[in-house]
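Reading through the structure tokens given below for one structure.
A quick note: this is a predicted structure, and the numbers were derived from the prediction, not measured. Note: hydrogens, waters and symmetry copies are ignored here, and every other heavy atom, side chains too, is used.
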There are 2 protein chains.
Amino acid sequence: MYQPKLEKDIRCPLEYGLQIFGGKWKSRIICVLAEKGVLRYSSLRKEMVNITDAVLAATLKELMADQIIERQSYDEIPPRVEYHLTHKGKSVIPILQSICRWSGVYHRENSQSVISQCQKCDYKFKTE
Amino acid sequence: MYQPKLEKDIRCPLEYGLQIFGGKWKSRIICVLAEKGVLRYSSLRKEMVNITDAVLAATLKELMADQIIERQSYDEIPPRVEYHLTHKGKSVIPILQSICRWSGVYHRENSQSVISQCQKCDYKFKTE
DNA sequence: CTGGATCCTGCTCGATACTG
DNA sequence: CAGTATCGAGCAGGATCCAG
């Protein structure tokens, strides 16, 4: 099974925060849940594009351990599991937005314009 | 030599931003330079605690490529090289501060209180 | 449908030695 | 003093198969 890192070497609150939504998939999951509200496991996997089950399941576990998302399972056949942001999870959205806005100012100066798939990702965040 | 990642898989401005100050050392370097203003290579290494030359030099190169820090070398014997934040580099400080503040609200709820070395790192950021 | 188990790749980071 | 060169470990993340 894919094991998340054990020793964290967190030196200050800043690094605790970066660990919450850093890494390859966490910010994407938070973004999508912020936009869609509630998603099933399979829908989440479809939104992530190219994530594997092992990694998705492990990432979801980390986000649950950090109380960013919540899991709700229904006792049905076929099984149904839904994920949504917690209050704490929603509270990181403004931070992600501010990073977005900061990047929007500077990323055009960057020679390699790798940022193509979404020019402004503010649309991801429903301003509920 | 330590080679930074080649393919970035940046999907949106948010991820561009996270890449700028994510990773193990970048945020620490930005913090220290924000606090101290200008630092020589050796002082920087001392502040980082346990960083090796290979990793420090590579990280500084990345930060220079992203125009977050600037390098100034003086033609002296022994050689002297100093690093300081650019305007763009200083502009990320408010973002790091907001992450700090957000973490301050939540990290106490976390069972393992790994955050010991600095309880509030706002002191790092000179409000010039 | 929602994952777990297992194995594997490749990058991130570290240790050590060396140089202008 | 301020790095570079080289080697290597360990972990984040990936591929594949399988189970309740």
Interatomic distance where [atom1] belongs to [X] and [atom2] belongs to [N] [whole Å]:
X       : N      : atom1 : atom2 : answer
A:Leu60 : D:dA12 : CG    : C1'   : 16 Å
A:Glu62 : D:dA12 : CD    : P     : 8 Å
B:Gln72 : D:dC1  : CD    : C1'   : 16 Å
B:Lys24 : C:dG14 : NZ    : C1'   : 9 Å
B:Ile77 : D:dA2  : CD1   : P     : 12 Å
A:Asp53 : D:dG20 : CG    : P     : 17 Å
B:Trp25 : C:dC13 : CH2   : P     : 9 Å

A:Lys36 side chain to A:Leu44 main-chain N or O, any donor-acceptor pair under 3.5 Å?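 Side chain of A:Lys36 to backbone of A:Leu44: no pair is present.
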Nucleic acid contacts of residues 42-51 of chain A, taken as heavy-atom distances under 4.0 Å to DNA chain D: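 Residues of residues 42-51 of chain A under 4.0 Å from DNA chain D: none.
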Among [options], the one nearest [X] by side-chain distance:
X       : options               : answer
A:Tyr41 : C:dT2, D:dG13, D:dA2  : C:dT2
A:Val81 : D:dT4, C:dC13, C:dT2  : C:dT2
B:Ala54 : D:dG14, C:dA15, C:dA5 : C:dA15
B:Tyr83 : D:dT16, D:dG3, C:dG4  : D:dG3

Can you tell me if [X] touches the phosphate of [N], counting only side-chain N or O atoms and a distance under 4.0 Å to OP1 or OP2?
X       : N     : result
A:Arg40 : C:dC1 : no
B:Arg80 : D:dA2 : no
B:Lys61 : D:dT4 : yes
B:Arg71 : D:dG3 : yes

So which atom in B:Tyr16 and which in B:Ile10 form the shortest heavy-atom distance, rounded to 0.1 Å?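 B:Tyr16 and B:Ile10 have their closest heavy atoms at N-CG2, 3.6 Å.
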Could you tell me which non-hydrogen atom of A:Leu85 sits nearest to which non-hydrogen atom of A:Ile30, and how far apart they are?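 Smallest interatomic distance, heavy atoms only, reads CD1-O, 4.1 Å.
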Going by atom type alone, with no hydrogens or angles, which donor-acceptor pairs under 3.5 Å involve a side-chain atom of residues 73-84 of chain B and a protein atom two or more places apart or on another chain?
{"residue": "B:Tyr74", "atom": "OH", "partner": "B:Glu82", "partner atom": "OE1", "Å": "3.1"}
{"residue": "B:Glu76", "atom": "OE1", "partner": "B:Arg80", "partner atom": "NE", "Å": "3.3"}
{"residue": "B:Glu76", "atom": "OE2", "partner": "B:Arg80", "partner atom": "NH2", "Å": "3.1"}
{"residue": "B:Arg80", "atom": "NH1", "partner": "B:Glu82", "partner atom": "OE2", "Å": "2.9"}

Comparing B:Ala57 and A:Thr52 on DNA chain D - which has the more 5′ nearest nucleotide: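 Residue closer to the 5' terminus by nearest nucleotide: B:Ala57.
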